[in-house]
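Written below as structure tokens is the structure these notes are about.
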Amino acid sequence: MKAIRTFTVRPVLAEALAPLDRLAANWRWSWSRATHALFASMDPALWEHIGQNPARMLGALGQDRLDELAHDEGFVQRVREEDERLTAYLEGDRWFQRLEGDKPAHIAYFSPEFGVDGSLPQYSGGLGILAGDHLKSASDLGVPLTGVGLFYRAGYFRQSIGDDGWQRESYPLLDPYGLGLTLLRDGEGSPVEISLDLPGDRVLHARVWVADIGRVPLLLLDSETPSNSDEMRRVTDRLYGGGGEHRLLQELLLGVGGVRAVRAWCALTARPAPDVYHTNEGHAGFQGLERMSELITQDGLGFDDALAQVRAGTVFTTHTPVPAGIDRFPRDLIADYLASGLFEGLDAGRAIALGLESWSGGDPGVFNMAVLGLHLGQHANGVSVLHGEVSRGMFGMLWPGVDVDEVPITSITNGVHAPTWVHPALKALSEQAWGDAHTDTHDWNDRSAVSDAELWGVRQQMKAALVSEARRRVAASLSNGHAPAWIDDLLDPEVLTIGFARRVPTYKRLTLMLRDPERLTALLTDPERPVQIVIGGKSHPADDSGKILIQQLVRFSRDPKVRGRIVFLPDYDIGLAKDLYPGCDVWLNNPLRPLEACGTSGMKAALNGALNLSILDGWWDEWYDGRNGWAIPTADTATSDEERDDAEASALYDLIEHQLVPRFYEREGGVPVAWLDMVRHTMTDLGQKATSDRMVRDYVQRLYVPAAAHDVALRRDGFAGAKALAAFVARVTDAWPHVSIASVDSSGIPAQAQAGDSLEVTAAVRLDGLSPDDVAVELAYGRTDEDDTLARDHSVQRLQPAAAPVDGVTTFTGTLPLAVTGTFGYTVRVVPAHPQLVSPVELGLVTSPS
Ligand SMILES: *Cc1c(COP(=O)(O)O)cnc(C)c1O
């Protein structure tokens with residue numbers, strides 16, 4: 001008989017073991033090796049069996065074993081030590097506390113998925129893992145941040161592969177209590193419930209689970225509550241389960257419900273209200289409309305004032321240059337929801353306009369969550385330098401008339417949480433050399449700290465662990481349950497091992513390596529210097545084209561000729577990833593450039609000493625330096641997709657055959673010395689750059705601190721600043737069509753200008769009722785190219801008003817030193833000037849000489 005509901009009954013812990021409850025309830029155990037080891041040691045086999053989770057472990061152990069452990073003095077001592085370490089971790093001052101200057105009081109970080117640990121499968125891929133790593137680094141750095149997401153009862157699916165090679169999905173249900181989450185309750189002990197009024201007299205209710213991620217709380221809204229109708233209970237059933245309206249309901253719950261949950265949380269825990277709201281991708285965009293509605297109904301602000309206030313404190317991170325990766329809803333569907341009274345006081349027509357694709361060539365019948373995100377967030381970024389550039393191009397139409405370089409979207413390159421992703425064996429080696437310091441400054445190039453033999457020994461150990469894990473997984477996945485003899489020949493720790501695992505959208509080109517099967521087979525089966533490939537990846541359940549790619553790979557890998565050298569491991573998730581990255585010599589990534597916004601698996605591999613072999617896309621475009629791996633050249637001149645794939649695959653085979661293989665198999669005393677040089681360089685250089693500690697510090701300093709300052713400045717004195725900014729925006733927007741540059745004069749250029757000369761520049765500007773303080777008249781100057789375009793690194797100087805206006809024309813002047821030599825040029829432009837603008841062009845108002 002099948003139970004209709006299951007839950008975990010917790011045993012009673014003896015006093016000596018009582019701290020285990022607290023240790024199990026804080027997800028720091030997942031990146032603290034000692035706490036992790038403590039729980040695993042209670043019963044190693046059971047630990048594996050229950051999926052490595054302390055709360056589940058405590059539920060599964062049984063009273064007898066617990067009683068036994070309560071009398072084991074060594075164990076009790078370790079419990080006490082871990083408890084003390086957790087306290088010290090939660091209380092001590094960290095990087096953020098030592099940061100000088102004005103700082104944000106509280107950051108609310110919204111994401112549709114969070115990949116914190118394999119036992120909490122609330123993620124589908126990179127976006128979620130990144131969010132999990134963001135929380136962990138925020139915790140390690142002491143940043144006062146709260147995560148906001150949804151609790152999906154089945155999370156993302158588990159994958160198995162049928163005998164036909166076709167992906168199968170299953171959706172095991174999760175028990176939040178049994179995983180170590182806590183239900184948020186009010187002062188009286190009743191569960192806090194969030195409600196949203198929806199059209200058709202429906203109400204969506206949700207409860208809130210709290211997961212403690214070190215010092216950072218993560219609030220997860222869950223529609224599985226008795227107050228809900230069956231329809232509403234299904235809202236948080238699965239991550240990215242349904243389309244259309246189901247997705248919209250999830251996003252309304254995340255955005256609107258998320259803000260309400262944060263309010264309840266702050267009230268119950270006496271935390272300050274957030275002064276920064278960070279939305280990880282557009283899915284949580286409705287949070288901005290909810291905050292506007294609060295400001296309108298509770299503080300009496302007008303629509304524009306509220307918009308200015310919300311924008312000031314909002315950070316929006318875009319994650320995809322693939323249009324299919326952006327949520328788009330029919331305008332009419334959104335209109336129905338906005339008419340329902342969900343956002344009290346908010347002018348529905350104007351609110352909808354914030355998300356419409358209303359530029360020329362856009363589809364004004366479509367409501368686009370990225371557009372909403374950019375309109376509601378004054379601080380926006382992409383996730384690598386290249387992706388920032390691509391995003392400025394992609395969203396440039398929202399700032400017509402603005403040079404693409406100046407579109408106000410910056411970039412912060414992603415990073416990964418080293419304590420989570422560095423293999424314990426490698427971590428032990430670094431502790432032996434440099435102690436326990438949580439730093440990203442180890443110099444792995446120092447052979448006196450770690451010898452080649454030691455480093456190679458650990459690399460080989462990690463590879464051997466992957467090989468046995470792969471054999472175990474493949475055996476377990478065979479339908480008859482009997483491991484055939486060939487399993488013992490599956491993979492070989494002595495062979496050059498290439499890893500490739502990721503979600504399977506088309507642009508990631510899972511099957512590029514199959515382009516020339518004969519050539520691949522030759523590489524795999526070379527009798528002297530073979531290569532082996534380990535692959536993983538899930539296709540979105542609704543994406544049959546992805547499933548076909550998986551099937552092609554699985555079929556190829558089952559051919560007895562290559563079977564021992566190429567394997568597809570099902571159910572790629574955090575657990576598999578943690579075995580995979582450290583166990584590979586090379587991490588392969590071959591997306592269609594520039595569609596990989598950043599990519600983070602290669603960073604995780606690099607921190608474990610794998611070398612990257614990748615298309616110059618995302619982070620690799622930025623940090624590939626010729627010594628940390630190989631760049632697969634992009635066939636930019638190809639005239640068709642086929643031709644490009646052929647060319648890039650062929651370049652891939654060439655690199656493997658002529659670069660990787662010889663270097664890997666060249667040995668001195670059994671050790672590949674030249675290879676290890678690259679490994680050492682990779683670990684040293686990327687160990688500093690590729691961490692989420694670096695990333696979170698960048699977010700704090702470049703986006704959170706300014707956003708909090710803007711929020712506070714506008715909020716002060718009854719929102720005086722917000723009202724003034726809104727009035728300013730209205731005034732300049734109105735006047736701008738009539739602002740013009742009447743003339744620009746320069747004097748003092750001798751016939752032969754030479755370095756050290758200077759130039760007086762005068763611009764006569766018609767301001768049409770604006771005051772000289774409302775605008776900045778900017779002189780841009782620098783080297784020019786053959787089309788007279790100013791170099792990107794040109795300088796900008798503000799000209800000053802010289803006299804009172806005459807006939808509506810104001811004269812601005814300035815002196816320009818001719819400091820650079822060569823072809824030189826300058827130009828003048830007028831833009832709005834206000835201290836609370838992040839970028840001079842953010843209003844899309846720019847006047848140049850006609
Ligand atoms: C890191 C990670 C990803 C993201 O990897 P990309 O390189 O961005 O494709 C996806 N899934 C898992 C399980 C990961 O650990």
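One-based numbering, in listed order, for ligands and for the atoms of each.
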Across all chains, not counting sequence neighbours, the side-chain hydrogen bond (donor to acceptor under 3.5 Å, both in side chains) partners of Asp645 are Arg509
One finds that the ligand 1 atoms under 4.0 Å from a non-hydrogen atom of Gly599 are 7 (O), 8 (O)
With heavy atoms and a 4.0 Å threshold, my read on which part of Asp573 contacts ligand 1 is backbone
among protein heavy atoms, the one nearest atom 8 (O) of ligand 1 is Thr600 N, 3.2 Å
Checking heavy-atom distances from atom 9 (O) of ligand 1 to each of Lys604, Lys508, Lys538, the winner is Lys508
(Q) Under 4.0 Å between a side-chain nitrogen and a carboxylate oxygen: does that hold for Glu469 and Lys578? (A) no
*asked:* Parallel, tilted or perpendicular: which one describes the rings of Tyr109 and His134, with boundaries at 30° and 60°?
replied: parallel
All heavy atoms of Ser557 vs all of Phe568, minimum pair found to be OG-N, 4.4 Å
At under 4.0 Å between heavy atoms, what of Trp587 touches ligand 1? The answer is neither
Taken in chain and number order and not counting sequence neighbours, the residues that satisfy side chain to side chain contact (heavy atoms under 4.5 Å, CB included) with Ala638 are Ala635, Glu643, Arg644
Note: ligand 1 atoms sitting under 4.0 Å from heavy atoms of Ile574 are 13 (C)
One finds that the ligand 1 atoms under 4.0 Å from a non-hydrogen atom of Arg502 are 7 (O), 9 (O)
For this session: Identify whether the distance between the nearest side-chain nitrogen and carboxylate oxygen of Asp698 and Arg694 falls below 4.0 Å.
Result: yes
The closest protein heavy-atom partner of atom 4 (C) of ligand 1 is Gly126 CA, 3.4 Å
min-distance protein heavy atom vs atom 11 (N) of ligand 1 -> Tyr572 CE2, 3.4 Å
Short N-O contact, Asp571 and Arg473, less than 4.0 angstrom: no
Backbone or side-chain N or O of Ser601 under 3.5 Å from ligand 1 N or O:
yes
Within 45 degrees of the ring normal and closer than 6.0 Å to the centroid, is that where the cationic atom of Arg28 sits relative to Tyr89? yes
Geometry only, no angles: is Tyr581 polar-contacting ligand 1 at N/O separations under 3.5 Å?
yes
Any heavy atom of Ala577 under 4.0 Å from ligand 1? The part involved is side chain
Contact region, Asn589 to ligand 1, non-hydrogen atoms below 4.0 Å, reads neither
- Query: On the ring face of Tyr156, is Lys538 found with NZ or CZ under 6.0 Å from the centre and within 45° of the axis?
  - Reply: no
Any heavy atom of Trp421 under 4.0 Å from ligand 1? The part involved is side chain
